Amino acid sequence: MRVEIWGDIACPWCYIGKARFEKGLAAFAHRDEVEVVYRSFELDPGRAKGDTGLVTDLLAEKFGRTREEALAMEEHVASNARSEGLGYVIEGRDYGSTFDIHRLLHLAKARGRHDELLDLAYRANFAEERSVFDDETLVSLAVDAGLEEAEARTVLADPDAYAADVRADEREAAALGASGVPFFVLDRRYGVSGGQPAELFTQALEQAWESRVLTPLAPAVRDEAAGGAVCDTDGSCEIPQAGAHS
């Protein structure tokens, strides 16, 4: 069974959702028969390379909040991350175009090092005081993931390198109805939206597994779990309300 996951490095719920999905997958009896494929999704595809700023400033401007309120919003997300054993830096974290990161991830996929680079990029962006919107940082991450430095630099220097792969992933997400991430598609049969609890992912995997055994592959994706926190293309990241799944 194949699970496809659309996400963006700038999306905190993708970072958290990945950890929760992996816990849910670990509890799934047929986990060794699941192929996980990560796909590209830019939350801000129109942002120019080099146009960066502080996340707290973005939140304050987007939601009309004070800096203190923006920090409180970040602290809520951070508490969710830390509950999954993830590091999360609140102050000083920046945002920018993730197009180059996605292009490098496609290079890493072609070289069999995608998961390594994805984990390093998430960690650098959310848990470390490193900007993933700087070419030298991206090259360093690529090398740490096992890629050749020269090849990583060549890809970054050519804006067309792997661009078609990124755009193809994004068109596919739009065709499936994904307007926010993380977005999980199980065997092209069921969709799970948002950073859901680990046990929900296990349940969704079990349902998709039973369904594929009993019936032929359905052509459409049906949303089986809504309500999880997502980041949307308008730049906002939903903060779950009290009592809701987070």
Side-chain angles (χ1 to χ4, degrees), residues 5-23 38 41-45 47-102 104-105 116-138 140-141 144-145 180-183 193-198 227-246:
I5 305 173
W6 275 264
D8 194 3
I9 297 300
C11 165
W13 295 111
C14 297
Y15 176 52
I16 295 167
K18 180 178 184 293
R20 291 176 174 174
F21 171 77
E22 288 172 351
K23 289 179 181 178
Y38 287 93
F41 190 105
E42 293 171 274
L43 289 171
D44 193 357
R47 184 169 293 279
K49 183 184 175 93
D51 181 8
T52 62
L54 293 177
V55 170
T56 48
D57 291 345
L58 172 68
L59 291 173
E61 179 181 354
K62 177 68 66 176
F63 296 105
R65 305 291 181 86
T66 66
R67 183 176 183 277
E68 289 70 25
E69 289 172 331
L71 286 171
M73 293 170 67
E74 275 284 87
E75 181 56 47
H76 179 85
V77 180
S79 67
N80 277 265
R82 292 164 186 156
S83 71
E84 303 299 332
L86 301 171
Y88 198 98
V89 174
I90 295 177
E91 295 203 56
R93 203 159 52 77
D94 61 356
Y95 71 91
S97 170
T98 55
F99 185 55
D100 282 350
I101 305 171
H102 285 296
L104 274 184
L105 283 166
E116 290 82 358
L117 180 56
L118 181 63
D119 284 340
L120 287 169
Y122 271 136
R123 188 182 311 140
N125 188 47
F126 291 106
E128 301 171 352
E129 296 183 6
R130 301 176 70 186
S131 174
V132 295
F133 310 107
D134 171 77
D135 280 0
E136 289 306 312
T137 299
L138 290 180
S140 176
L141 292 173
D144 289 345
V181 285
F183 185 62
S193 178
Q196 302 283 351
V230 298
C231 290
D232 293 320
T233 51
D234 66 357
S236 62
C237 288
E238 175 188 346
I239 304 298
Q241 300 301 310
H245 287 311
S246 59

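Values in this document were obtained by computation on a predicted structure and should not be read as measured data.
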* **Which residues share a salt bridge (Lys or Arg N to Asp or Glu O under 4.0 Å) with Asp51, sequence neighbours left out** => Arg47

* Which heavy atom of Arg82 sits nearest a heavy atom of Tyr88, and at what distance? -> NH2-O, 3.1 Å

* Asked: Looking at residues at least two apart in the chain, or sitting in another chain, which of them share a ring-ring contact (aromatic ring centres under 6.0 Å, His included) with Phe133?
  -> none

* Asked: Is any side-chain heavy atom of Thr98 closer than 4.5 Å to a side-chain heavy atom of Phe41?
  -> no

* Heavy-atom closest contact (Cys11 atom, Leu43 atom, distance) -> CB-CD1, 3.7 Å

* To do: Provide the closest heavy-atom pair for Leu120 versus Ala145 in the form atom of the first, atom of the second, distance.
  => CD1-N, 3.6 Å

* Asked: Taking C-beta and beyond as the side chain, do Ile9 and Leu118 meet within less than 4.5 Å on heavy atoms?
  -> yes

* Would you please name every residue forming a ring-ring contact (aromatic ring centres under 6.0 Å, His included) with Tyr95, sequence neighbours left out? => none

* Asked: So, for Tyr15 and Gly87, which heavy atoms are closest and what is the spacing to 0.1 Å?
  -> OH-O, 2.7 Å

* Structure fact -> The reported gap from CG in Leu58 to CZ in Phe63 (rounded to nearest 0.5 angstrom) is 8.0 Å

* **Least distance between heavy atoms, Leu71 atom then Ile90 atom** => CD2-CG2, 3.7 Å

* Asked: Could you walk me through whether Phe126 and Val89 pass the side-chain contact (heavy atoms from CB on, under 4.5 Å) check?
  -> CA-CA 6 Å; Phe126 291 106; Val89 174; over 6 Å; no

* Heavy atoms of other groups near Glu75 CD, more than 12 under 6.0 Å -> yes

* To do: Answer yes or no: is there a donor N or O on one side and an acceptor on the other, between the side chain of Arg20 and the main chain of Gly195, under 3.5 Å?
  => yes

* Asked: Is the closest side-chain heavy-atom distance between Glu22 and Glu84 below 4.5 Å?
  -> no

* **With sequence neighbours excluded, residues passing salt bridge (Lys or Arg N to Asp or Glu O under 4.0 Å) with Asp94** => none

* List the steps, then state whether side-chain contact (heavy atoms from CB on, under 4.5 Å) holds for Leu141 with Ile101. => CA-CA 10 Å; Leu141 292 173; Ile101 305 171; over 6 Å; no

* If we only count heavy atoms from C-beta on, is the Phe99 to Lys49 side-chain gap below 4.5 Å? -> no

* **Listed once per pair and sorted, the salt bridge (charged side-chain N to carboxylate O under 4.0 Å, His left out) pairs that draw on residues 118-129, sequence neighbours left out** => Lys18-Asp119, Glu128-Arg130

* **His102/Asp8 under side-chain contact (heavy atoms from CB on, under 4.5 Å): CA gap, chis, key distance, verdict** => CA-CA 8 Å; His102 285 296; Asp8 194 3; 3.0 Å; yes

* Could you walk me through whether Leu105 and Tyr38 pass side-chain contact (heavy atoms from CB on, under 4.5 Å), step by step? => CA-CA 9 Å; Leu105 283 166; Tyr38 287 93; over 6 Å; no

* So, for Ala60 and Ala70, which heavy atoms are closest and what is the spacing to 0.1 Å? -> N-CB, 4.0 Å

* Structure fact -> With sequence neighbours left out, the residues meeting side chain to side chain contact (heavy atoms under 4.5 Å, CB included) with Leu54 are Thr56, Asp57

* Is Thr52 close to Asp134 at the side-chain level, that is, under 4.5 Å between some pair of heavy atoms? -> no

